[in-house]
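Heads up, the thing below is written out as structure tokens.
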2 protein chains.
Amino acid sequence: MSQADRTAAKVEQLERNCHQHGLPMTAQRREVLQALVLRLDHPTADQVLDDVRKRLPEISRATVFRVLETLVRIGIVRKVCHPGSAARYEVEGRRHHHLVCTGCEKMIDLEDPTLDHLSLPGVGSGFHIQDYSIQFVGLCTTCARKQKGHVRSS
Amino acid sequence: MSQADRTAAKVEQLERNCHQHGLPMTAQRREVLQALVLRLDHPTADQVLDDVRKRLPEISRATVFRVLETLVRIGIVRKVCHPGSAARYEVEGRRHHHLVCTGCEKMIDLEDPTLDHLSLPGVGSGFHIQDYSIQFVGLCTTCARKQKGHVRSS
DNA sequence: CTGCCTGCAAACGATTTGCACCAGC
DNA sequence: GCTGGTGCAAATCGTTTGCAGGCAG
């Protein structure tokens with residue numbers, strides 16, 4: 001599937017989900033989602049804002065926050081937690097995991113079928129597990145090189 | 001091991017690590033760590049502050065943030081990322097995973113030996129994996145009950 | 001002594017909210 | 001026309017920082 005197709009499919013899904021939830025479809029929602037689909041990484045709200053402004057220059061920061069939250073609520077977008085300060089967002093898609101670099105805080109997607117069917121723990125507590133995702137923490141190539149020899153700078 | 005023993009052991013480790021890093025040992029550091037050991041959940045900095053103030057009433061908020069960051073740096077405490085707003089902290093210990101409730105944002109620890117030895121993916125990218133932890137997302141018993149029948153309130 | 005640590009208050013960055021107006025249905 | 005969405009600016013929340021003492025080593 002091409003990038004354009006993926007985008008179109010997502011926008012369509014957005015329209016469906018908005019409808020299901022009785023929410024109007026707006027240009028802002030479409031553009032925010034589109035910007036997110038086009039990115040391969042996990043942008044912060046501000047990065048999304050920058051992208052969207054290229055096509056919708058008058059959009060407000062607050063709206064981007066509101067729209068992102070809405071997209072998360074209706075299940076099209078996932079808010080991923082990140083050790084860094086600002087929250088990151090990504091479109092919901094295939095199950096995948098994250099490599100997080102403790103050096104530069106970069107986050108890389110990892111798809112690995114062997115990790116996709118963990119036997120879910122039979123939690124006695126009655127917790128209802130809907131999904132899971134693994135966070136691998138470590139050092140990316142660049143940071144690993146940098147740390148050679150150093151103990152700790154700060 | 002009793003709770004008191006665990007606390008003592010951790011404080012001792014703190015003294016050792018401070019020494020190793022050339023950092024002075026202070027009452028604030030001891031109390032912050034102690035407060036964290038005594039909690040079974042993943043408190044925010046403010047929750048830690050409340051606990052510590054019971055024994056050290058004049059401690060400042062800024063100090064709690066600074067001390068927590070120090071404890072993370074010297075490897076006694078872990079900052080866990082959480083979809084919610086404020087960062088959470090926990091003492092480093094055995095490997096465990098987290099159940100995160102999407103309803104109330106509660107986070108529950110889960111120790112499960114069957115999940116402790118995942119075959120780490122042979123990442124081609126040269127990423128250096130040091131550790132991992134799994135996030136299970138779902139609904140806790142309370143929130144699961146609440147959602148029965150509702151579609152979505154807000 | 002000297003350097004790191006602390007308390008306080010102010011600064012900061014990310015996110016949320018109140019309000020007046022506009023657009024989708 | 002009513003409901004919910006948007007832009008703007010102000011408020012809020014979590015966290016960090018600058019500075020003047022204080023205390024550990």
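These figures come from a predicted structure and were not determined experimentally. Because only heavy atoms are used, hydrogens play no part in the values below, and waters and symmetry mates are left out as well, while side chains stay in.
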Nearest-angstrom distance from the residue atom [atom1] of [X] to [atom2] of [N]:
| X | N | atom1 | atom2 | result |
| --- | --- | --- | --- | --- |
| B/Gln47 | D/dT15 | CD | P | 11 Å |
| A/His82 | D/dT15 | NE2 | P | 15 Å |
| B/Glu58 | D/dC23 | CD | P | 11 Å |
| B/Arg16 | D/dG25 | CZ | P | 16 Å |
| A/Ile74 | D/dG4 | CD1 | C1' | 14 Å |
| A/Leu49 | D/dC8 | CG | C1' | 14 Å |

Item to check | ring-ring contact (aromatic ring centres under 6.0 Å, His included) contacts in which one or both residues fall within residues 39-59 of chain B, not counting sequence neighbours | outcome: B/His42-B/His98

Checklist entry - Does A/Ser60 have a side-chain nitrogen or oxygen under 4.0 Å from the phosphate oxygens OP1 or OP2 of D/dC8? => result no

All N/O donor-acceptor pairs, side-chain side in residues 61-68 of chain A, below 3.5 Å, sequence neighbours left out:
{"residue": "A/Arg61", "atom": "NH1", "partner": "A/Asp46", "partner atom": "OD1", "Å": "2.3"}
{"residue": "A/Arg61", "atom": "NH1", "partner": "A/Asp46", "partner atom": "OD2", "Å": "2.9"}

Checklist outcome for this item: Students should find that the end-to-end axis angle of the helix from C/dC1-D/dG25 to C/dC25-D/dG1, with five pairs defining each axis and rounding to 10 degrees, is 40°

Checklist entry - Which residues satisfy the side-chain contact (heavy atoms from CB on, under 4.5 Å) test with A/Gln130, sequence neighbours excluded? => result B/Thr102, B/Leu139

Checklist entry - What residues, two or more places apart in sequence or in another chain, satisfy side-chain contact (heavy atoms from CB on, under 4.5 Å) together with B/His19? => result none

Checklist entry - How long is the span from the CD1 atom in B/Ile76 to the CG atom in B/Asn17, to the nearest 0.5 Å? => result 4.0 Å

Checklist outcome for this item: Applying side-chain hydrogen bond (donor to acceptor under 3.5 Å, both in side chains) to A/Lys10 and not counting sequence neighbours gives A/Gln13

Checklist outcome for this item: In short, salt bridge (Lys or Arg N to Asp or Glu O under 4.0 Å) pairs touching residues 75-100 of chain A with sequence neighbours left out are A/Arg78-A/Glu90, A/Arg78-A/Glu92, A/Arg78-A/Asp131, A/Arg94-A/Glu111, A/Arg95-A/Asp131

Next on the checklist: Give me each pair satisfying salt bridge (Lys or Arg N to Asp or Glu O under 4.0 Å) with a member in residues 13-25 of chain B, each pair once, sequence neighbours excluded.
Outcome noted: none

Checklist entry - Just wondering, do A/Asp51 and A/Pro43 contact through their side chains at under 4.5 Å, heavy atoms? => result no

Item to check | Residues from residues 22-39 of chain A lying under 4.0 Å of DNA chain D - heavy atoms | outcome: A/Leu23, A/Pro24, A/Thr26, A/Gln28, A/Arg29

What's touching nucleotides 11-16 of chain C from the protein side, N or O pairs under 3.5 Å?
{"residue": "C/dT15", "atom": "OP1", "partner": "A/Ala87", "partner atom": "N", "Å": "3.1"}

Next on the checklist: Listing request: all side-chain hydrogen bond (donor to acceptor under 3.5 Å, both in side chains) pairs with a residue in residues 22-37 of chain A, at least two apart in sequence or in separate chains.
Outcome noted: A/Glu31-A/Arg55

Checklist entry - What pairs with B/Asp109 under salt bridge (Lys or Arg N to Asp or Glu O under 4.0 Å), at least two apart in sequence or on another chain? => result none

